[in-house]
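Step one of this worksheet: look at the structure below.
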Amino acid sequence: MPLCHSSPAILSLLKTSKTLRDLNQVHAHIIRRGCEQDHYLIAQFLTICTAAEPTNVCYPTAAFNAVISPNIYLWNILMKIHCENAPLSGCFSLFRRMREGGNVVPDKYTFPSLIKACSSVSALRDGRVVHAAAVRCGTEGDVFMGSSLIDFYGKCREIESAWKVFDGMDVRNEVSWTAMMVGCLDCGDMDAARKMFDEMPKKNDATWNAMIKGLVKSGDLVTAKKVFNEMPVRDAVSFTTLIGGYAKAGDMAAARFMFDQMPSKDLVSWSALMSGYVQNGKPGEAVKVFGEMRAMNLKPDEFILVSLMSACAQLGSSELARWIESYMHEGPYDTTRPHVAAALVDMNTKCGDMARATKLFEEMPQRDLVSYCSMIQGLCIHGRGAEAVSLFYRMIDEGVRPDGVAFTVILTTCSHAGLVDEGCRVFDLMTDKYFMSPSPDHYACMVNLLGKSGRVKAAYELIQSVPMDSHAGAWGALLGACRSHSDVELGEMVAKKLFEVEPQNAGNYVLLSNIYAEADRWLNVSDLRERMSEKGLQKVPGCSYLDSTTLA
DNA sequence: TTAGGGTTAG
């Protein structure tokens, strides 16, 4: 029996609590007044607890554990807290505890959070188990249940299962429709998504924004803008989605224009604008935006600081780097969080402070894939290829599994440092131990590596064995190698291939012409120059293919 | 009795 009935004094105290300190005080009151078994009061406490300290799972769990016989409300609240902040395994052990010793039966409020936790990590098998449990509990007819299942199957790319849930629902609302539409969008089925968008009885902001996002992702910015204009009330999300779309398309003028149109800008929109400038190689602009933001007395979050650090890395300014670091130490920023730490390492290597980068890297509580890659790349930039390779193996020893990007980084390093045998070993490791199929970029790295070390024939054989469509980058690297090793015969074959795959690239003609010139084959040179002018190709001096297409 | 769940942006 509760000793007190939701003491109004404690309740009102609880409602004004904002910080952990406030909560500790209220908690002390709860314990002193013997209210630890008051379900209603503890429910309030748990809710406010996570609002104040979202990532702290331990504290609400401890308060919950003090309740002798928690009711279903309390179980569901704690379940949601775990689902949002704890690893999936923790959520499932809580779920087991609830079913085995909880003396309660899971209800329709229990499952949606669990399903959501499964979809956030695409845990298809686990989600199916929860789905089955929900069916056994007779809650699968609930709209929330259905919507979370549609979202889950959509995120796991099981669109057929999503449709089955959607079609089987007796009652659907805008959330269920939106979740299904997002499933179609993620599968690339624009027609089905558009049909749903047009046919659904009711739309909310999330619906409109999801459609805009899908159109942006498919590259159709014109229709995205049209839908945006048709939206009854545009919120920060809609603006930010379009800003991101323009940034990805390289149109920073349009992105900036959208940003300036926003009636109220939040941190996410500032961050989108900044990272747009960073992505488009305009670090100076990103730094300027950061200045504008600070002038408005806005407190940057970690995302924004990561963008600022990337901008600084591009600028290579050690002064700015030092300023950012001291700024972060003053504020409430957690510099040990993986993405922040990785950005710090990257910034310091690119601004020339390898000692600082190494110190930061070694002092991290745990090094993840991204921080390892930042450090490996840093060593590569500073010409310390051998150290980079041994760091790569240390990463594997520490149990961090390399992904495709990590292999690109290490292969590029080997290629820059001329570590041919090491590169070949890494390439074999990727295919034989990790069973990864190399991407065009990986092949390009290998061709570069073999080609630069003079093994042009081996490079040619590798590229011919590639089971995918020829990648211009790899062939281009090989042509470059043919030039530096004066292999006219192979150069001709490679160039022929390149003229097929990228006929617009004048650089390939120039390379071949240089190969001829170095072999004193002037007749071939003039032939080639003629073919170039016939095709209307012109090589801009000092400008690569990438530059000229970007400018166009 | 009061309280608890699902869709959209960096």
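Each chain gets a letter, A, B and so on, in the order the sequences are listed, and its residues count up from 1.
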Lys/Arg cation over aromatic A/Phe144: A/Lys108, 6.0 Å, 45° cone: no
Face-on cation placement of A/Arg234 at A/Phe239 ring, 6.0 Å and 45° thresholds: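 That pair does not qualify as a cation-pi contact.
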Sub-4.0 Å heavy-atom contacts from residues 276-305 of chain A onto DNA chain B, ordered by number: A/Asp301, A/Phe303, A/Ile304
Residue-level proximity of residues 165-180 of chain A to DNA chain B when a heavy atom falls under 4.0 Å: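 Those residues are A/Asn173, A/Val175, A/Ser176, A/Thr178.
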Round to the nearest Å and state the distance from [X] atom [atom1] to [N] atom [atom2].
X: A/Asp186; N: B/dT7; atom1: CG; atom2: C1'; result: 12 Å
X: A/Ile81; N: B/dA3; atom1: CD1; atom2: C1'; result: 13 Å
X: A/Phe45; N: B/dG4; atom1: CZ; atom2: C1'; result: 17 Å
X: A/Asn204; N: B/dG6; atom1: CG; atom2: P; result: 14 Å
X: A/Lys217; N: B/dA9; atom1: NZ; atom2: P; result: 10 Å
X: A/Phe64; N: B/dA3; atom1: CZ; atom2: C1'; result: 14 Å
X: A/Asp151; N: B/dT8; atom1: CG; atom2: C1'; result: 11 Å
X: A/Tyr153; N: B/dT7; atom1: OH; atom2: C1'; result: 18 Å

Below 4.0 Å: OP1/OP2 of [N] and any side-chain N or O of [X]:
X: A/Lys80; N: B/dG4; result: no
X: A/Lys116; N: B/dT7; result: yes
X: A/Lys213; N: B/dA9; result: yes
X: A/Lys248; N: B/dG10; result: no

Can you sort out the partners of [X] under salt bridge (charged side-chain N to carboxylate O under 4.0 Å, His left out), two or more places apart, ordered by chain and number?
X: A/Glu363; value: A/Lys359
X: A/Lys195; value: A/Glu199
X: A/Glu53; value: none
X: A/Glu325; value: A/Arg356

Among [options], which nucleotide has an atom closest to any side-chain atom of [X]?
X: A/Ser275; options: B/dA9, B/dA3, B/dG10; answer: B/dG10
X: A/Gln44; options: B/dG10, B/dA3, B/dG4; answer: B/dA3
X: A/Ile77; options: B/dT8, B/dA3, B/dG4; answer: B/dG4
X: A/Asp107; options: B/dA9, B/dT8, B/dG4; answer: B/dG4
X: A/Tyr73; options: B/dG4, B/dT7, B/dG6; answer: B/dG4
X: A/Ala272; options: B/dT2, B/dG4, B/dG10; answer: B/dG10
X: A/Val143; options: B/dT7, B/dA3, B/dG6; answer: B/dG6

Aromatic ring pairing A/Trp323/A/Tyr327, orientation class (parallel under 30°, perpendicular over 60°, tilted between):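 Parallel: the ring planes of A/Trp323 and A/Tyr327 meet at under 30°.
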Ionic contact status for [Y] with [X], cut-off 4.0 Å:
X: A/Glu292; Y: A/Lys265; answer: no
X: A/Glu84; Y: A/Lys80; answer: yes
X: A/Glu319; Y: A/Arg322; answer: no

Base B/dG6 to side chain A/Ser148, donor-acceptor N/O within 3.5 Å cut-off: no
Check: A/Asn71 side chain, B/dA3 base, donor-acceptor under 3.5 Å: yes
Sugar-phosphate only, base, or nothing, as touched by A/Leu114 at under 4.0 Å among non-hydrogen atoms: nothing
Sugar-phosphate only, base, or nothing, as touched by A/Leu149 at under 4.0 Å among non-hydrogen atoms: nothing
Donor + acceptor pair across side chains of A/His442, A/Ser439 (<3.5 Å):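 Checked: A/His442/A/Ser439 side chains pair up, N/O donor to acceptor below 3.5 Å.
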